Amino acid sequence: MKREERRLEDKLRKFPRHKMDESKRKDIHDTLMKSRMNRTSPKKNKQRKTRFVVGLASVAALMLFVVLGLNIFPDAFTRTTGDETQSSEESGLLNTHNKPDKQTPNKAAPDSEQTDESNDHSEEVNESSNDESQENNQNTEESSKNNETTTNEQPDIETLSNKMIDALDNRDMETVADHVHPEKGLLFSPYVYVADDAVVFEKDEVGSMLDQDEQFDWGNYDGKGTPIELTPTDFFDEFLDMTPFQNPNDILLDEVQRRGNTINNIKDVFPDSHIIEYYNNGSEEYVGIDWESVNFVYEEDETGELYLVAIVRDMWTV
Amino acid sequence: MNDRQMISEWFDQYSNDVYNFLVYYQGTTDVEDLVQEVFIKAARGLSSFRHDAKPKTWLFSIARHVAIDNARKRARRIDSSTTPLEDDYTGQSAHGPEDIVLEDEALQTLYAAIMELKTSYRDVVILRGIEAMNVAETAVILGWKESKVKQTYHRAKKALQKQLMQKGAFNHET
């Protein structure tokens with residue numbers, strides 16, 4: 001058997017070496033030299049980590065204030081007026097508020113950027129003891145509202161997103177259009193780095209977008225760098241196959257995970273959004289390299305209704 | 001040496017190796033676009049390159065990802081295409097020996113047998129056997145432990161021999 005194995009190995013070594021055509025090789029080299037280098041910078045990663053650590057400190061400080069507030073002003077927290085009830089209802093299931101107080105821990109949107117913002121203000125919080133009681137009241141009320149609603153929020157955003165997955169799978173764009181933000185429309189991004197010039201359809205265009213034969217520039221292919229010039233139907237076929245997300249391995253709400261090397265800037269583009277990610281960890285055949293995600297990005301209006309503002313794909317990139 | 005110079009140097013040194021690997025991995029000589037994609041990805045992902053690693057193994061690792069990603073996209077496009085007989089995609093499977101024409105008939109048979117192996121066997125046979133990568137390099141490219149590389153390569157060779165014997169090909173080799 002050893003001899004046969006050796007003979008097989010010898011045969012394997014006899015496969016001829018293939019070489020690129022020299023002119024083609026030169027073309028590729030020229031293209032390469034013109035391309036952008038080093039999309040990811042270690043400095044940025046470091047900054048993210050630092051912000052995360054400061055974020056933890058900030059959350060701890062805020063919790064301390066809430067506890068202090070409860071002790072000092074117990075009356076403030078026993079008030080349950082009709083106004084508050086109404087306010088809670090108005091704020092909607094996810095209860096993010098139109099302009100969230102940066103000092104308030106917001107369970108509905110614990111994304112890194114917002115955490116960063118609250119971090120930046122953590123020192124102010126420590127110094128501003130004069131307004132402590134008022135702030136504590138607000139914090140506790142809001143925290144209380146968040147607690148009330150957190151238990152309900154995930155099924156709702158998830159239910160809506162499941163509906164979006166089914167609608168996209170069936171190419172039922174009328175259903176999708178019903179939930180698109182009336183002013184912001186619906187943005188499509190093939191990767192988690194949302195480009196400034198990403199394609200956005202108005203709400204009233206979404207229902208019939210797949211009827212269009214016009215090609216759009218949806219961004220650039222990762223790696224190749226060539227433009228993704230496709231009709232909406234072709235873009236959907238290539239980037240919005242919902243099959244992997246019918247039975248996802250994970251569903252994450254407002255939990256930005258950096259999976260590949262592409263910078264995820266969804267929260268920068270949509271700071272007041274809720275992001276739900278459907279993640280499929282890929283197949284055994286391709287040893288998980290073919291993992292992929294779809295992110296549905298929602299924003300709330302003043303009544304708390306969730307509107308879809310973006311559909312963002314994520315997949316393996318270097 | 002700046003990043004651009006480093007990538008340029010890597011391209012000079014390894015682009016043909018990457019090309020050769022992709023030819024055998026994809027079963028076609030039409031992989032120049034993938035070579036370009038590999039080096040562009042490498043250029044953009046330089047910050048994730050561990051400088052104690054070998055550039056060649058890193059590039060092969062990217063090439064394998066690119067090849068798999070490409071095969072997956074192509075399979076998806078074939079699946080979703082309402083006109084499956086379009087020129088671009090006629091009959092070409094994600095992995096198939098259709099495009100490689102080897103003058104040596106025995107090698108052609110051997111290659112066809114390799115492409116019928118399961119993915120992990122095929123990976124290790126192409127890297128260890130055809131590309132002559134050592135165990136450590138193969139382990140880095142595949143993200144396996146060295147022991148797994150050895151074991152899988154051993155099993156893959158057995159599976160390959162069995163397959164060739166069934167086809168009556170191996171016994172005729174000299």
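Computed from a prediction, not measured in an experiment: that's the story for all the values here. Chain identifiers are assigned alphabetically (A, B, ...) following the order of the sequence lines, protein sequences preceding nucleic acid strands; residue numbering begins at 1 within each chain.
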Tell me if the [atom1] atom of [X] is crowded by more than 12 foreign heavy atoms within 6.0 Å.
| X | atom1 | value |
| --- | --- | --- |
| Tyr193(A) | OH | no |
| Asp211(A) | CG | yes |
| Glu105(B) | CD | no |
| Asn2(B) | CG | yes |

Out of curiosity, [X] [atom1] to [Y] [atom2], how far, rounded to the nearest 0.5 Å?
| X | Y | atom1 | atom2 | value |
| --- | --- | --- | --- | --- |
| Ile28(A) | Glu37(B) | CD1 | CD | 11.5 Å |
| Asp17(B) | Lys19(A) | CG | NZ | 9.0 Å |
| Asn20(B) | Phe15(A) | CG | CZ | 10.5 Å |
| Glu32(B) | Asp21(A) | CD | CG | 7.5 Å |
| Tyr19(B) | His18(A) | OH | NE2 | 7.5 Å |
| Arg17(A) | Glu131(B) | CZ | CD | 5.0 Å |

* To do: If the plane angle is over 60° it's perpendicular, under 30° parallel, otherwise tilted; pick one for Phe11(B) and His29(A).
  =>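 Rings of Phe11(B) and His29(A): tilted, as their planes differ by 30° to 60°.
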* Without swapping roles, check the side chain of Gln161(B) against the backbone of Glu4(A) for a donor-acceptor pair under 3.5 Å. =>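 Confirmed, Gln161(B) side chain pairs with Glu4(A) backbone.
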* Asn16(B) side chain vs Met20(A) backbone, donor-acceptor pair below 3.5 Å ->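 Judged by distance alone, yes, a pair lies under 3.5 Å.
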Which atoms of [X] are under 4.5 Å from chain A, going by heavy atoms: the side chain, the backbone, both sets, or neither?
| X | answer |
| --- | --- |
| Tyr24(B) | side chain |
| Ile114(B) | side chain |
| Ile130(B) | both |

Heavy-atom closest pair, residues [X] and [Y]:
| X | Y | result |
| --- | --- | --- |
| Lys24(A) | Asp33(B) | NZ-OD1, 4.4 Å |
| Lys11(A) | Leu107(B) | O-CD2, 3.6 Å |
| Leu32(A) | Ile40(B) | CD1-N, 3.6 Å |
| Arg128(B) | Arg13(A) | O-NH2, 2.9 Å |

* Asked: Looking at residues at least two apart in the chain, or sitting in another chain, which of them share a salt bridge (charged side-chain N to carboxylate O under 4.0 Å, His left out) with Glu137(B)?
  ->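 For Glu137(B), the residues satisfying salt bridge (charged side-chain N to carboxylate O under 4.0 Å, His left out) (neighbours in sequence not counted) are Lys54(B).
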